[in-house]
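Atoms within a ligand are numbered from 1 in the order they appear, just like the ligands themselves. As a basis for the values below, the full set of heavy atoms in this structure was taken, side chains included, without hydrogen atoms, waters or symmetry mates. We're numbering straight along the sequence, starting at 1. If you're wondering where the values come from, they're calculated on a predicted model, not measured in any experiment.
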Amino acid sequence: LDPHPLPPWPGELTSLRHDEPSGTWSVIAVHSTRLGPAVGGTRAMAYPALPAAVADARRLAGAMTLKVAVAGLPMGGGKSVLVLPAPRHRLHDDTWCRALEAHARHIELLRGTYWTGPDIGTDTADMDVLRRHTTYAFGRSEADGGSGTSAEATAVGVVAAVRAAVREAGHPGLDGLRILVQGLGAVGMRVARTVSASGAHLLVADVDPARVERAVGLAGAVEVVAPEEVVGTPCDALVPCAVGGLIDARVARTLPAAVVVGGANNVLADDEAADVLAARGVVVAPDFVANAGGAIHLVGREVLGWSAERVRERAEAIEGTLAEIFADARARGVGSVRAALERAERSLVVEPAA
Ligand code: HCI
């Protein structure tokens, strides 16, 4: 059969549903349920075509499997995409709610094989709406009985990853380092605030000037970098916190950053980028390790019954996990992304029943 427009995929399922009234497609990709039900957020945005949305959902679902495995959570990996007919801000509220309802009904059909949560384009309030039509949504507001925003724990984990990565690059701490945060959403803004408070020299970039302005208010001296100059700006650490795909092999060959920490999902656009960065001696904290704080929050609070303190400790522990990954990579002469992938694969091996 012609593999196009949907190529084969090693994940467990891809489910697509169209909703006529809202003009949206809901795409659910379940990559693996080997360690438990698949978890991963709902990304809502406009795509050039449906196959691009499917490819995005599948790629992100694969990263979720790795993320929860490395974080030691008893869950699998999935992701969903709500394909909008226009950017969210141009949709009528009724259309948006109708689209969320259709997406929730799709999730409900899978009967718990896939649990969602917030991702780019969806937030806590949207989880409250989803939960009216499906059981399988994490990250509702606390008023609605949920665990609230996962952005705080994600940012705690990302900053822990920055500490581990700059130490690997030979710096004892963040004090005085030039740290560039790209994307000042819920996670990026918190990361910017924390690294700045830790004495770093903060550089920020965002496509939205209002967000840049808010970040400039955070600290005494904040350098503003134009979005198109992010990959050309020398810094001690680059922390992408916007949509993925910032660094491909070509960008990797010249990137003037000593350290890259994946706040966003799928920061590296292709497999070659990791090899190129490793060969150049750039320290890479793989995104699926660095940004696991959100999953730790949602699964920890809502499945495992962890306290907020326990969630914070587990998000801080990303620093130690990364230190182990860097040491392993160094000892074996492989890149940190490879070492992290192998660590995830070791967690994914289920001992056969005796
Ligand atoms: C992410 O880490 O990208 C999403 C986090 C998540 C975890 C569990 C359920 C939904 C979303």
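Classification of K79 and D119 as a salt-bridged pair holds, one side-chain N sitting under 4.0 Å from a carboxylate O. Taking the charged nitrogens against the carboxylate oxygens, R253 and E272 do have a contact shorter than 4.0 Å, which makes a salt bridge.
Within 4.0 Å of ligand 1, protein heavy atoms belong to V39, G40, G41, M64, K67, K79, T116, G117, D119, F138, N265, A295, L298, listed by chain and number.
Remark: side-chain polar atoms of R314 are paired, donor with acceptor, to backbone N or O of A71 under 3.5 angstrom.
The hydrophobic cluster containing L184 also contains V187, counting ILVMFWY residues as joined when their side-chain heavy atoms lie under 4.5 angstrom apart, directly or transitively.
Residues passing the salt bridge (charged side-chain N to carboxylate O under 4.0 Å, His left out) test with E319 are R163, R167, sequence neighbours excluded.
More than 12 heavy atoms of other residues, nucleotides or ligands shown are found within 6.0 angstrom of CZ on R211.
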